[in-house]
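So the structure is just underneath, and the comments pick up after that.
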Amino acid sequence: MQKKSVRDLDVDGKKVLVRVDFNVPVKDGEVTDDTRIDRAMPTIGMLVERGAKVALISHLGRPKGSPDPKYAMDPVAKRLGEMLGRHVEKLDTAVGQEVSDALDNLPEGGVVLLENSRFYEGETKNDPGFADELAAPFDLYVNDAFGAAHRAHATTVGVAERLPAAAGLLLEREVDYLDGVLKDPERPFVAILGGAKVSDKLGVIESLLGVADSLLIGGAMCFTFFKAKGYGVGKSLVEDDYLEEAKRLMQEAGDKLVLPVDVVAAREFEADAEHRTVSVDGVPEGWMGLDIGPETVELFAGRISGAKTVFWNGPMGVFEMDAFAKGTEGVARAVAESDATSVVGGGDSVAAVNKLGLEREMSHISTGGGASLEYVEGKELPGVAVLPDR
Ligand SMILES: Nc1ncnc2c1ncn2[C@@H]1O[C@H](COP(=O)(O)OP(=O)(O)O)[C@@H](O)[C@H]1O
Ligand SMILES: O=C(OP(=O)(O)O)[C@H](O)COP(=O)(O)O
Ligand SMILES: [Mg+2]
């Protein structure tokens, strides 16, 4: 990566704002997968050892630009402290005098966690005034949030335009790996797309079809295609604005685009909901598709076994609920058993692979889902582009 690196910064005694992606799954106040925190440790450790005063900032979930206790950073601060082996003060704000005071009182090598950046509507708007407020107390900025690098927000772009900025070690590592493996992949290159960020990720499908030899679509992503085919999808997640595009893509892509042949339909979005496997045009009215079915796992596994490179973003179903985890498990095992170079990217996909204990079977675990997707399709990531060259 040809961007200025945190390694090149003189941080001793400096107040450093570090953008991390701590958008981790949290349940009952506990972090249920700490991969993204773990992957930020090298950068945090380097800054601490070199005597910086470190303030970490991240988003968590999708609060709507104002404080929402459900998305406060406290569970993250607790887990971070356990992993750092010390108490990490978490502020209830991301800007203002409280931040300045905390930095003045922070010893060199100290770490503080700021509040969720998305509690401020200026974050996702990349509002200049908010970026000014974020940058004000600091001397330097490091972006180590690969998972959010596809977002042109105040904490990923705006602040980088206001402070001497550099890439963190994780951001460097992720970009260098993807450059190495996915810019000119060994073929057949099979891409697997799932998850629930339908409106976000449908947009990358056309580009992925231009890069991959096969694109397998599961998770909630497939129901827009089924609705475009005229199938009843019940209450499944669908992006109605994309139906015409989906029709066009299915015509143009031919058998490169591989859709499920059976799904697990549920009466409601509950772990103990009544559910059954149905053909893809058989989702009962008022029900919703929450996993791919066993025949689809077979079909996808067949494509995966023949691949030399696999890139997977997005669980195949609501894997957090056991009844709808079999599709994700089947695909994860097929990827693990293949002799392909395998990249699994995304906070939830990585959590699923970790839950199955298969992370070591993968060639690379990427902390970015949308970010790696957009990088693979050839897009420049705003959070990287804004950083100064070396
Ligand atoms: N059919 C489905 N309907 C609703 N949600 C789904 C479905 N399949 C998967 N999901 C959800 O997708 C979420 C992850 O999506 P996303 O954030 O795009 O993945 P990643 O973090 O790996 O990039 C999971 O929380 C999972 O429960
Ligand atoms: O979890 C993330 O993306 P991912 O779900 O694609 O892995 C990133 O933290 C970005 O989160 P966002 O999609 O709410 O901007
Ligand atoms: Mg996710």
Side-chain angles (χ1 to χ4, degrees), residues 19-27 32-33 35-37 39-40 58-64 71 76 116-118 123-124 145-153 155-156 174 192-202 204 217-226 233-239 260 263-266 268-271 273 275 280 283 287-293 296 311-328 331-332 343-355 365-376 381-383:
R19 186 17 159 135
V20 289
D21 183 347
F22 285 175
N23 184 26
V24 293
V26 174
K27 189 172 179 184
T32 58
D33 183 89
T35 302
R36 281 175 160 167
I37 304 173
R39 296 296 196 278
S58 176
H59 70 286
L60 180 62
R62 291 183 168 179
K64 300 269 180 283
Y71 297 113
V76 176
N116 189 331
S117 61
R118 287 184 184 172
E123 165 69 336
T124 54
F146 175 71
H150 58 317
R151 304 298 188 208
H153 293 172
T155 56
T156 52
E174 292 266 23
I192 310 164
L193 188 56
K197 291 180 178 175
V198 180
S199 51
D200 254 14
K201 299 185 180 179
L202 280 174
V204 306
I217 297 191
M221 304 296 285
C222 62
F223 296 103
T224 301
F225 289 90
F226 293 139
V233 293
K235 291 190 301 186
S236 306
L237 278 185
V238 164
E239 184 58 50
V263 293
V264 180
E268 56 213 340
F269 194 85
E270 294 294 340
H275 59 274
V280 290
V283 175
W287 287 42
M288 59 189 75
L290 297 186
D291 196 6
I292 58 172
T296 302
F311 171 75
W312 175 19
N313 167 244
M316 295 290 98
V318 185
F319 74 97
E320 298 93 336
M321 301 178 185
D322 291 348
F324 313 113
K326 294 186 182 64
T328 302
V331 165
V343 179
V344 182
D348 300 295
S349 301
V350 170
V353 165
N354 287 338
K355 186 177 173 186
I365 293 284
S366 173
T367 55
S372 42
L373 271 178
E374 295 199 15
Y375 198 73
V376 166
L381 301 179

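Keep in mind that this is a model prediction, so the values were computed, not measured. Ligands are counted one by one from 1 in listed order, and the atoms in each one are counted from 1 as well.
The number of protein N, O or S atoms lying under 2.8 Å from the Mg ion (ligand 3) is 1.
The protein atom (non-hydrogen) at minimum distance from atom 15 (O) of ligand 1 is Ala196 N, 3.1 Å. Scanning the protein heavy atoms around atom 1 (N) of ligand 1, the nearest turns out to be Gly289 O, 3.1 Å. Looking only at heavy atoms of the protein, atom 25 (O) of ligand 1 is closest to Glu320 OE2, 2.6 Å. Protein heavy atom closest to atom 6 (C) of ligand 1, with residue, atom name and distance, is Val318 CG2, 3.6 Å. With respect to atom 11 (O) of ligand 2, the closest heavy atom belonging to the protein is His59 NE2, 3.2 Å. The nearest protein atom to atom 19 (O) of ligand 1, hydrogens excluded, is given as Pro315 CD, 3.6 Å; this is a heavy-atom distance. The shortest contact between atom 14 (C) of ligand 1 and any protein heavy atom is with Asp348 OD2, 3.4 Å. Counting protein heavy atoms only, atom 9 (C) of ligand 1 is closest to Gly317 O, 3.2 Å.
Annotation for Asn116 and Tyr71: closest pair ND2-O, 3.0 Å, computed over non-hydrogen atoms. Heavy atoms only, all atoms of each residue included: Arg118 and Gly61 are closest at NH1-O, 3.1 Å. The two residues Glu268 and Ala273 come nearest to each other via the heavy atoms O-CB, 3.2 Å. Closest of all the heavy-atom pairs between Ile292 and Val331 is CD1-CG2, 4.1 Å.
In summary, the side chains of Thr367 and Glu174 do present a donor paired with an acceptor at a separation below 3.5 Å, with no hydrogens or angles considered. Donor-acceptor pairing under 3.5 Å is recorded for the side chains of Thr35 and Asn354.
Close contacts of ligand 2 with Lys201, meaning ligand atoms under 4.0 Å from a residue heavy atom, involve 6 (O). Less than 4.0 angstrom separates some heavy atom of Gly346 from each of these atoms of ligand 2: 7 (O). The ligand atoms of ligand 2 that sit less than 4.0 angstrom from a heavy atom of Gly347 are 7 (O). Those atoms of ligand 1 with a heavy atom of Leu237 less than 4.0 angstrom away are 4 (C). Under a 4.0 Å criterion applied to the non-hydrogen atoms of Asp21, ligand 2 contributes the atoms 8 (C), 9 (O). Of all the atoms in ligand 2, the ones that sit under 4.0 Å from a non-hydrogen atom of Arg151 are 12 (P), 13 (O), 15 (O). Near Gly369, the atoms of ligand 1 lying under 4.0 angstrom from a non-hydrogen atom of the residue are 23 (O). Those atoms of ligand 1 that come under 4.0 Å of a heavy atom in Gly347, given as number and element, are 21 (O). Here is the list of ligand 1 atoms found below 4.0 Å of a heavy atom in Leu290: 1 (N), 3 (N). In the vicinity of Lys201, heavy-atom distances shorter than 4.0 Å reach the ligand 1 atoms 16 (P), 18 (O), 19 (O), 20 (P), 23 (O). Residue-ligand proximity, Gly369 to ligand 2, at heavy-atom distances under 4.0 Å covers atoms 6 (O), 7 (O). Close approach of ligand 1 to Asn313 is summarised as follows: ligand atoms under 4.0 Å from at least one heavy atom of the residue are 20 (P), 22 (O), 23 (O). Those atoms of ligand 1 that come under 4.0 Å of a heavy atom in Lys197, given as number and element, are 17 (O), 18 (O).
The residue among Ser372, Ala220, Gly327, Gly370 with a heavy atom at the shortest distance from atom 7 (C) of ligand 1 is Ala220. Ranked by closest heavy atom to atom 4 (P) of ligand 2, the top entry among Lys197, Arg62, Arg118, His153 is Lys197.
Between the Thr296 side chain and the Pro260 main chain, no donor and acceptor come within less than 3.5 Å of each other. Side-chain N or O atoms of Thr156 include none that pairs as donor or acceptor with a backbone N or O of Ala149 at under 3.5 Å. Listed for the Thr328 side chain is no donor-acceptor partner under 3.5 Å among the backbone atoms of Phe319. With Asn313 contributing its side chain and Leu373 its backbone, the two residues share no donor-acceptor pair below 3.5 Å.
Between Arg151 and Asp21 there is no salt bridge, since none of the side-chain N atoms of the basic residue sits less than 4.0 Å from a carboxylate O of the acidic one. Taking 4.0 Å as the cut-off between side-chain N and carboxylate O, Arg19 and Glu123 count as a salt-bridged pair. Using a 4.0 Å cut-off between a side-chain N of Lys or Arg and a carboxylate O of Asp or Glu, Arg62 and Asp200 qualify as a salt bridge.
Inclusion of Gly370 in the set of residues having an N or O under 3.5 Å from an N or O of ligand 2 is warranted. Backbone and side-chain nitrogen or oxygen atoms of Phe223 are examined, and none is located within less than 3.5 angstrom of a nitrogen or oxygen of ligand 1. Taking only nitrogen or oxygen atoms, main chain and side chain alike, Ser349 reaches within less than 3.5 Å of ligand 1. Where the criterion is an N or O separation shorter than 3.5 Å, residue side chain and backbone included, Asn23 meets it with respect to ligand 2.
At a heavy-atom cutoff of 4.0 Å, ligand 2 is contacted by the side chain of Arg36 but not by its backbone. Under 4.0 angstrom from ligand 1, there are no non-hydrogen atoms of Met288.
Looking at heavy atoms from C-beta onward, Leu202 lies in side-chain contact with Met221 at the 4.5 angstrom threshold.
Aromatic pair His275/Phe324: centroids less than 6.0 angstrom apart.
At least one heavy atom of Gly147 sits under 4.0 Å from some atom of ligand 2.
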